[in-house]
Amino acid sequence: MENLVIPGNQVIKGKIEVSGAKNAAVAILPASIIAGPKVYIDNIPEIDDVSTLLNILESMGVDIRRRGRNSLEIDSSKMREKSTLSYGMIKKLRASSYFMGSLLARFGYAEVPAPGGCELGPRPIDQHLKGFAALGADVNMENGIVKLKAKKLKGAKIYLDVVSVGATVNIMLAAATAEGRTVIENVAKEPEVVDVANFLNAMGASVRGAGTDIIRIDGVKDFYPASHTIIPDRIEAGTLLMAAAATGGELLLQEVIPTHLEAPIAKLKEMGFDITTTLDTVEVKGCQDLQPVDIKTFPYPGYPTDLQALGMVLLTRAPGTSVITENVFESRFKHVDELKRMGANIKMEGKAAIVEGGKPLNGAPVRVADLRAGAALVVAGLIANGETVLSGIEHIYRGYEKLENKLSKLGIVIYHENKNKRKNFSQKY
Ligand code: UD1
């Protein structure tokens, strides 16, 4: 059993580069097989979700070569048309559902076990399936496997009933090779959706409007070798900014796109933090007089649900009442009980968490239930009095590239405990 052990009352200080965006990488890897020509992808984060996707790609006969630390060359020209995707691998991450769109685009055929991912409550894929059906695919579910078949995919007009990142990307992938024009309305505007569209266009696709409410895709037949650099991870950036802010420290984030972080930066400023941005850096400095604020999560450009737990930890420090409303995922509050075990005063009312801040947290054994909650509990450990021991840390490795190493570079002492042996990450740097 592996744990992270975090001594409390620590302060983050320094500068660090942000890695490539997880949610873009986990879409671009499945997207890389929609046609066949070689693609080169740079700035791929070294995270477990990426490793799982690479294993799935290799299991389908895709040839993957490393070209430097964060670069890959992917050749899917000889991949098998019909592959049995192992449920064991597919269930590890939500983004495995993107193989539905990419295999359908390539072969007009896909059998993909219904996906897994974080435990955030029910995560239906009805909008993905509605999109595939509108494009002309037969959609069936048998024994937990989604079976898709189309003689010919044809462009269609599709209105999404909910703003969904996954459905927007999946339908975009399938439509890239469909005959004629597809128009998807009420789409997700996340920067990662735009990154996938840019990647598809680099390969020869014709995707217009990504980043707005309506995406138009004119299906094409000819695709070309392409190279693409993944955008910086705005959620990792937000995590590190909030971590530094919570510890009362100072942090300069490099290789970041500050405009992707407008909502979290606005909230940090409202709390009283001093934030300076340039074209590709964000700097946060501690604040003496932390103010309580209300946070409401919304699809981009709203405050991201992926930074909801982080915001909550930070607000335990602000004397007074803050209300955090989760509008995207109905059960994304599994960190609340763990924070309460550390002494936080949080009351749940429906989809709102009412945080009475200002009282210090105390170190405790806590269990990580999902990826972003894991990062939030790490930060809670940093600001608590005494030692915090996190179990369930495999969730963290799904999506944060070397989080402990990065924190160590920023002056944090953190131990990785494996069968009671402790390794201090700060000794590596
Ligand atoms: C993606 C992100 C995740 C982020 C989330 C919301 C990836 C790999 N993951 O997840 O980090 O937290 O966006 O920003 O990019 N829904 C339906 N039917 C559907 C699809 C979604 O009802 O067919 C609902 C979901 O239950 C949820 C909401 O729509 O309530 C948004 O989900 P969605 O944007 O699809 O999230 P994911 O793509 O799974």
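Each ligand, and each atom within it, is numbered from 1 in the order the structure gives. All values below were derived from every heavy atom in this structure, side-chain atoms included, with hydrogens, water molecules and symmetry-related copies excluded.
- Side chain of N43 to backbone of I230: a donor-acceptor contact under 3.5 angstrom is found.
- Every atom of ligand 1 is numbered from 1 in the order shown, and the set under 4.0 Å from a heavy atom of V162 is 16 (N), 17 (C), 18 (N), 22 (O), 29 (O).
- Contact annotation for V26 and ligand 1: only side-chain heavy atoms (C-beta onward) come within less than 4.0 Å of the ligand.
- When non-hydrogen atoms are compared, ligand 1 lies under 4.0 Å from the side chain of T305 (C-beta onward) but not from its backbone.
- Remark: among candidates L371, I125, V163, the nearest residue to atom 31 (C) of ligand 1 is V163, based on non-hydrogen atoms.
- A cation-pi geometry, defined here as NZ or CZ lying under 6.0 Å from the six-membered ring centre and within 45° of its normal, does not hold between R65 and Y40.
- Against a heavy-atom cut-off of under 4.0 Å, Q127 is close to the following atoms of ligand 1: 18 (N), 19 (C), 23 (O).
- Between the side chain of R80 and the backbone N or O of S59 there is at least one donor-acceptor pair closer than 3.5 Å.
- Partner Q308 forms a side chain to side chain contact (heavy atoms under 4.5 Å, CB included) with one of H335, K296, R372 and no other, that one being H335.
- D138 has no carboxylate O lying under 4.0 Å from a charged side-chain N of K151, or vice versa, which leaves the two without a salt bridge.
- Of the candidates V165, V328, L160, D49, V165 brings a heavy atom nearest to atom 34 (O) of ligand 1.
- In this structure, H128 has a heavy atom closer than 4.0 Å to ligand 1.
- Pairs engaging residues 268-277 under the side chain to side chain donor-acceptor pair (under 3.5 Å) rule: K267-E270 [sequence neighbours left out].
- Near G166, meaning under 4.0 Å from any of its heavy atoms, are these atoms of ligand 1: 35 (O), 38 (O).
- In this view, A344 and T316, L339, I346, L361 satisfy the side chain to side chain contact (heavy atoms under 4.5 Å, CB included) rule, not counting sequence neighbours.
- Every N/O-N/O distance between K22 and ligand 1 stays at or above 3.5 Å.
- Ligand 1 has at least one atom lying under 4.0 Å from a heavy atom of R332.
- Of the heavy atoms in A167, none comes closer than 4.0 Å to ligand 1.
- Contacts of Q308 with ligand 1, taken as heavy-atom pairs under 4.0 Å, are absent altogether.
- Within the cation-pi definition used here (under 6.0 Å to the ring centroid, within 45° of the axis), K82 does not qualify as a partner of F107.
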